[in-house]
2 protein chains.
Amino acid sequence: MLSLTEENYLKAIYHLSDGGTKSVLTNEVADAMSTKPASVTDMVKKLSAKKLITYEKYYGVTITKQGKTDALTIIRKHRLWETFLVQKLNFHWDQVHEVAEQLEHIQSPLLIEKLDELLNFPIADPHGHPIPDKNGKIHTGQQVPLGDIAAKKTVTVLAVNVKESSSFLQYLSKIGVYIGAKLSILDKAEFDGSIEIMIDGKKKVFVSKEASQNILVTP
Amino acid sequence: MLSLTEENYLKAIYHLSDGGTKSVLTNEVADAMSTKPASVTDMVKKLSAKKLITYEKYYGVTITKQGKTDALTIIRKHRLWETFLVQKLNFHWDQVHEVAEQLEHIQSPLLIEKLDELLNFPIADPHGHPIPDKNGKIHTGQQVPLGDIAAKKTVTVLAVNVKESSSFLQYLSKIGVYIGAKLSILDKAEFDGSIEIMIDGKKKVFVSKEASQNILVTP
DNA sequence: TAAAAAATTTAGACGAGTCTAAAAAATTAT
DNA sequence: ATAATTTTTTAGACTCGTCTAAATTTTTTA
């Protein structure tokens with residue numbers, strides 16, 4: 001049984017390690033969790049004692065098999081709740097994150113099973129991120145950043161990255177980008193990496209390089 | 001902003017004081033919260049500093065106006081979540097309490113408003129307990145314990161009391177008692193206070209005095 | 001109404017999670 | 001390859017909520 005804090009650290013480490021692909025440094029965790037490195041050192045010792053990560057002094061942490069499983073359970077809950085908030089309670093996609101951060105810690109496997117059923121076993125959350133199934137399995141097709149697409153091509157929006165702030169999502173809604181939107185790349189500016197796109201064949205807009213890296217589309 | 005623990009103490013004090021009608025002793029709180037009296041003393045000092053209760057050494061605590069308001073918000077959330085679990089997720093009425101104990105602490109007024117709407121502004125939870133409205137107002141008709149009803153009369157089940165254990169609820173389901181059931185009092189035994197009832201004109205059963213005090217019916 | 005019993009509070013300690021400041025190790029730059 | 005810098009850990013302290021044991025107050029009983 002993990003404490004709320006342990007769950008949050010584990011989730012952060014999972015994300016920072018790209019799902020367990022790489023190891024993570026103390027300072028990265030401290031940044032992500034908005035705490036001090038000293039606090040991270042304390043906590044990674046605890047998670048390491050519980051065999052959810054392996055920790056080597058001065059060299060950072062790696063998530064274990066069990067750690068991955070536990071992290072995926074939390075992520076599954078988070079994304080199911082986000083889906084519920086949007087689909088059943090009519091939240092906007094920029095309003096769900098904070099609430100889901102709380103709801104993801106509710107302990108009740110039955111609740112999650114029933115919620116999954118109510119939502120008809122969704123495979124992606126409102127931001128297009130895949131929802132791990134009951135066994136922690138993720139099925140995603142390939143997703144590439146909009147910025148990597150060559151000019152003249154047309155693609156479909158599959159997902160968008162959400163950091164802490166919801167303002168990026170509000171911006172996307174405002175310019176007309178949503179999951180499933182068709183984007184045509186009209187032009188790419190060399191000097192600042194910004195690109196001009198046509199949304200659903202109707203609306204021309206410029207998006208910054210930064211933004212284009214956080215809109216994930218079909219290859 | 002109250003901590004999870006403070007919320008739980010406040011709720012317990014609200015219930016023990018019958019909604020703020022009477023004052024509550026340290027030991028009663030300790031029993032209800034399964035903690036030691038010394039811990040209660042510490043906590044009531046904190047709640048008193050926050051003006052949610054008034055505390056007089058050795059004489060117990062009384063809930064304040066603000067304390068009542070805060071407690072009712074928590075109770076409202078608890079009962080809305082229980083209603084959600086039964087109506088939308090098909091939980092049984094004996095499965096909802098523990099999960100609602102967790103869900104009641106989620107902080108998001110918007111969430112509760114939207115949940116209320118999804119459920120169509122219910123006025124009672126699955127056990128028949130009234131759900132305080134947005135302003136903390138409770139509207140209940142009169143409810144009396146089944147044990148207080150005279151023989152030969154017929155009444156409707158309005159609510160049932162739930163203690164910690166869900167076994168009473170399972171028992172009620174088993175014998176066929178539910179919110180809205182019509183009960184006819186056939187006979188009352190003098191020696192042990194048990195009563196014989198007919199449920200929905202179909203099924204005769206004996207219920208103990210203890211049970212009959214926890215089934216609330218129309219007067 | 002004084003002694004015994006019960007209830008309550010105080011004092012001091014502990015674990016969880018956090019912090020600051022100082023020490024230690026690793027990295028980088030000269 | 002040694003010095004300077006950066007990263008990380010250790011040490012010690014603080015808050016929250018809890019506990020035990022001892023002291024105090026209230027209540028009961030004789």
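Each chain gets a letter, A, B and so on, in the order the sequences are listed, and its residues count up from 1.
- Taking side-chain N and O atoms only, Lys45(B) has a distance below 4.0 Å to OP1 or OP2 of dT10(C).
- Within a 6.0 Å sphere centred on CD of Gln170(A), other residues, nucleotides and ligands contribute more than 12 heavy atoms.
- At the phosphate of dT6(D), neither OP1 nor OP2 sits under 4.0 Å from any side-chain N or O atom of Asn27(A).
- Nearest nucleotide to the Ala38(B) side chain, out of dT20(C), dT9(D), dC19(D): dC19(D).
- Residue Ile123(A) qualifies as open at atom CD1: its count of foreign heavy atoms under 6.0 Å is 12 or below.
- Between the P atom of dA16(C) and the CG atom of Leu2(A) lies a distance of 13 Å, rounded to the nearest Å.
- Among the nucleotides dC19(C), dT27(C), dT18(D), the one closest to the side chain of Asp42(A) is dC19(C).
- Counting only heavy atoms from C-beta on, Tyr58(A) has its side chain closest to dT9(D) among dT9(D), dT8(C), dC19(C).
- The phosphate of dC19(D) (OP1 or OP2) has a side-chain N or O of Ser39(B) nearer than 4.0 angstrom.
- For dT8(D), neither phosphate oxygen OP1 nor OP2 lies less than 4.0 angstrom from any side-chain nitrogen or oxygen of Tyr59(A).
- Within the structure, ring pair (Phe, Tyr, Trp, His ring centres under 6.0 Å) contacts touching residues 57-85 of chain A (residues at least two apart or in different chains) are His78(A)-His97(A), Trp81(A)-Phe84(A), Phe84(A)-Phe84(B).
- Between the C1' atom of dC16(D) and the NZ atom of Lys50(B) lies a distance of 11 Å, rounded to the nearest Å.
- Heavy atoms from other residues, nucleotides or ligands lying under 6.0 Å from NZ of Lys50(B) number more than 12.
- At the phosphate of dA16(C), neither OP1 nor OP2 sits under 4.0 Å from any side-chain N or O atom of Thr5(A).
- Around atom NE2 of His92(B), no more than 12 heavy atoms belonging to other residues, nucleotides or ligands sit under 6.0 Å away.
- In terms of phosphate contacts, Ser3(A) brings no side-chain nitrogen or oxygen within less than 4.0 Å of OP1 or OP2 of dA16(C).
- A 6.0 Å sphere centred on NZ of Lys36(A) holds no more than 12 heavy atoms belonging to other residues, nucleotides or ligands.
- One can place CE of Met43(B) at 14 Å from C1' of dC19(D), the figure rounded to the nearest angstrom.
- Note: CD (Glu56(A)) to P (dA24(C)) measures 20 Å, nearest angstrom.
- Atom C1' of nucleotide dT7(D) and atom CD of Glu28(A) are separated by 12 Å, given to the nearest angstrom.
- A close approach under 4.0 Å does not occur between any side-chain nitrogen or oxygen of Lys57(B) and OP1 or OP2 of dT24(D).
- Rounded to an integer number of Å, the gap from Lys36(A) NZ to dA13(D) C1' is 16 Å.
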What pattern of brackets, bars and dots sums up DNA chain D from 5' to 3', given Watson-Crick or G-U wobble pairs under 3.5 Å, [ ] for crossing pairs and | for another strand?
||||||||||||||||||||||||||||||
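- One atom, CG of Leu4(B), and another, C1' of dT18(D), lie 15 Å apart when rounded to the nearest Å.
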Going through the checks in order, is the side chain to side chain contact (heavy atoms under 4.5 Å, CB included) test met by Leu118(A) and Lys88(A)?
CA-CA 9 Å; Leu118(A) 175 73; Lys88(A) 299 295 173 182; 4.0 Å; yes
Hey, mind stepping through Arg76(B) and Asp116(B) against salt bridge (Lys or Arg N to Asp or Glu O under 4.0 Å) and telling me if it holds?
CA-CA 10 Å; Arg76(B) 169 172 162 78; Asp116(B) 197 19; 3.1 Å; yes
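- Between Tyr9(A) and dT18(C), a side-chain N or O to OP1/OP2 separation shorter than 4.0 Å is present.
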